[in-house]
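To start, the structure itself, in structure tokens.
In this chain, numbering begins with 1 at the start of the sequence shown.
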Amino acid sequence: MSQRLLIVDDEESIVTLLKFNLEQSGFDVTTATDGATALSTAMNEQFDLLILDLMLPEIDGLDICKQLRQNKVMTPILMLTAKDDEFDKVLGLELGADDYMTKPFSPREVVARVRAILRRVVPVSKEESVEKTINQIIKFGEVEIYPENYEVYFKKQPIELTPKEFELLLYLANHKGRVLTRDQLLNAVWNYEFVGDTRIVDVHISHLREKIEANTKKPTYIKTIRGLGYKLEEPSVNV
């Protein structure tokens, strides 16, 4: 079955161009040209990924992103904008976008970015060995990560993470006990996309703490190492 995408942009030419190229690449594409239609569609239908323009009539892309996340719609979001503005970039990611592209861009670049995001969130197939999945569980304190299934549990309850939050937590867990600089985390999780903009790391660390820390002001798991970066630790006592 083809993966479903929702493209949202008020420029018909961009919608037509992206729709054509993504359908040629095997995706099932739905489109919207205003924010109200986009929000309603995204809330009521199941999509594998949203391509969302920042500047839209009626409801802008940032507000759509915020409302979807508040309503526990965790579909990956690739945000588009004509602005090359760092404030917009960070704010979009704070509100739950997973990736960000600035116009103008090539359709091939968008297709490549969509595929890269979807590769990170495709769950393991049912044919995969249950034993293999169990063997790959990562545990620390009351947190359990199932890398094969892109699932995280805190106190035995599933928690909703965006793809980038999941990648960041998994990277920290795989390097438990090591101090990782913001630049290291930026390079490992975001590659070249936000070179030098380490605030994006801080934003996502803050989101993770809200989901796995009992007290975000006194974190038990993700410790700030002043002047350096972050370190994920095994708690010394039960949390």
Side-chain angles (χ1 to χ4, degrees), residues 1-9 14-15 17-32 38-39 41-43 45-54 61-62 64-69 72-81 88-125 145-152 159-172 174 185-195 197 200-201 203-204 207-208 211:
M1 183 181 294
S2 298
Q3 290 169 303
R4 295 194 69 207
L5 310 181
L6 174 61
I7 298 173
V8 187
D9 200 300
I14 290 178
V15 170
L17 182 65
L18 290 178
K19 178 178 171 66
F20 173 78
N21 282 272
L22 288 161
E23 286 182 339
Q24 289 293 304
S25 299
F27 295 103
D28 179 4
V29 177
T30 299
T31 65
L39 180 59
T41 304
M43 289 286 290
E45 297 183 35
Q46 187 72 36
F47 293 96
D48 295 288
L49 184 139
L50 310 182
I51 299 176
L52 182 62
D53 189 33
L54 179 65
L62 291 177
I64 291 171
C65 189
K66 180 180 179 180
Q67 290 192 49
L68 289 175
R69 296 308 189 228
K72 306 300 182 184
V73 177
M74 306 308 291
T75 307
I77 296 174
L78 171 60
M79 190 162 280
L80 307 177
T81 181
D88 283 341
K89 189 178 294 185
V90 174
L91 182 57
L93 293 166
E94 280 184 335
L95 294 176
D98 298 282
D99 211 340
Y100 198 104
M101 292 187 70
T102 302
K103 300 174 183 176
F105 45 74
S106 73
R108 287 180 60 187
E109 183 183 4
V110 175
V111 171
R113 194 72 67 88
V114 166
R115 284 179 168 157
I117 296 170
L118 290 173
R119 277 198 299 270
R120 298 195 291 259
V121 297
V122 172
V124 66
S125 66
I145 304 175
Y146 294 75
E148 292 280 342
N149 296 333
Y150 275 78
E151 293 176 351
V152 178
I159 60 174
E160 297 282 0
L161 299 180
T162 68
K164 284 297 186 187
E165 290 168 3
F166 180 88
E167 282 188 81
L168 179 59
L169 181 61
L170 182 60
Y171 190 82
L172 287 165
N174 282 331
L185 293 169
L186 193 66
N187 184 63
V189 178
W190 285 270
N191 300 314
Y192 62 89
E193 297 160 28
F194 301 102
V195 173
D197 197 352
I200 289 167
V201 175
V203 166
H204 282 73
H207 287 178
L208 285 176
K211 295 174 181 180

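Closest approach of Gly26 and Ser2 over heavy atoms only: O-OG, 3.2 Å. Across every non-hydrogen atom of Cys65 and Ile77, the tightest pair is SG-CD1, 3.7 Å. The shortest non-hydrogen separation linking Lys211 to Glu160 is NZ-O, 2.8 Å. Here the closest heavy-atom approach between residue Tyr146 and residue Phe166 is recorded as O-CZ, 4.2 Å. The shortest heavy-atom contact between Ala38 and Ile64 is CB-CD1, 4.1 Å. Closest approach of Leu52 to Gly61, counting heavy atoms only: CD2-O, 3.4 Å.
Formation of a donor-acceptor pair under 3.5 Å by the Arg4 side chain with backbone atoms of Thr30 is not found in this model. Between the side chain of Thr31 and the main chain of Ile7, no donor-acceptor pair closer than 3.5 Å is present. Of the possible donor and acceptor atoms, none in the side chain of Lys103 sits under 3.5 Å from a partner among the backbone N and O of Leu80. Here the side chain of Asp48 pairs no donor or acceptor atom with the backbone of Leu5 at under 3.5 angstrom. Of the possible polar contacts, one joining the Lys164 side chain to the Val189 backbone as a donor-acceptor pair under 3.5 Å is found.
The CG atom of Leu168 sits 11.5 Å away from the NE2 atom of His207 when rounded to the nearest 0.5 Å. Annotation: the span from Leu49 atom CG to Arg113 atom CZ amounts to 11.5 Å, rounded to 0.5 Å. Expressed to the nearest 0.5 Å, how far OG of Ser106 lies from CE of Met101 amounts to 6.5 Å. Here the CG-CD1 distance, from Leu185 to Ile200, works out to 12.5 Å after rounding to the nearest 0.5 Å. The line from CE of Met79 to CG of Leu50 is 9.5 Å long, rounded to the nearest 0.5 Å.
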Tell me, with the steps shown, if Leu208 and Leu161 meet side-chain contact (heavy atoms from CB on, under 4.5 Å). CA-CA 8 Å; Leu208 285 176; Leu161 299 180; 3.9 Å; yes
### Task
Please step through side-chain contact (heavy atoms from CB on, under 4.5 Å) for the pair Val111 and Leu22, ending with a clear verdict.
CA-CA 6 Å; Val111 171; Leu22 288 161; 3.8 Å; yes
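With a 4.5 Å cut-off on side-chain heavy atoms, Ile145 and Pro147 count as touching. Between Gln24 and Phe20 there is a side-chain heavy-atom pair separated by less than 4.5 Å. At least one side-chain heavy atom of Leu54 sits less than 4.5 Å from a side-chain heavy atom of Leu62. Contact annotation: the side chain of Leu118 approaches that of Phe27 to within less than 4.5 Å [non-hydrogen atoms, C-beta and beyond]. Under the 4.5 Å side-chain criterion, counting only non-hydrogen atoms from C-beta, Met74 is in contact with Arg69. Put simply, the side chain of Leu68 does not reach to within 4.5 Å of the side chain of Thr75, judged on heavy atoms. Looking at Val8 and Asp53, their side chains never come closer than 4.5 Å, going by heavy atoms from C-beta outward. Side-chain contact between Val110 and Asn21 is absent, with no heavy-atom pair separated by less than 4.5 Å.
Counting non-hydrogen atoms of other residues, nucleotides and ligands closer than 6.0 Å to NZ of Lys66 gives a total of 12 or fewer. Crowding of Phe105 atom CZ: a count of heavy atoms from other residues, nucleotides or ligands under 6.0 Å exceeding 12.
Using a cut-off of 4.0 Å between Lys/Arg side-chain N and Asp/Glu carboxylate O, Asp99 and Arg115 are scored as not salt-bridged.
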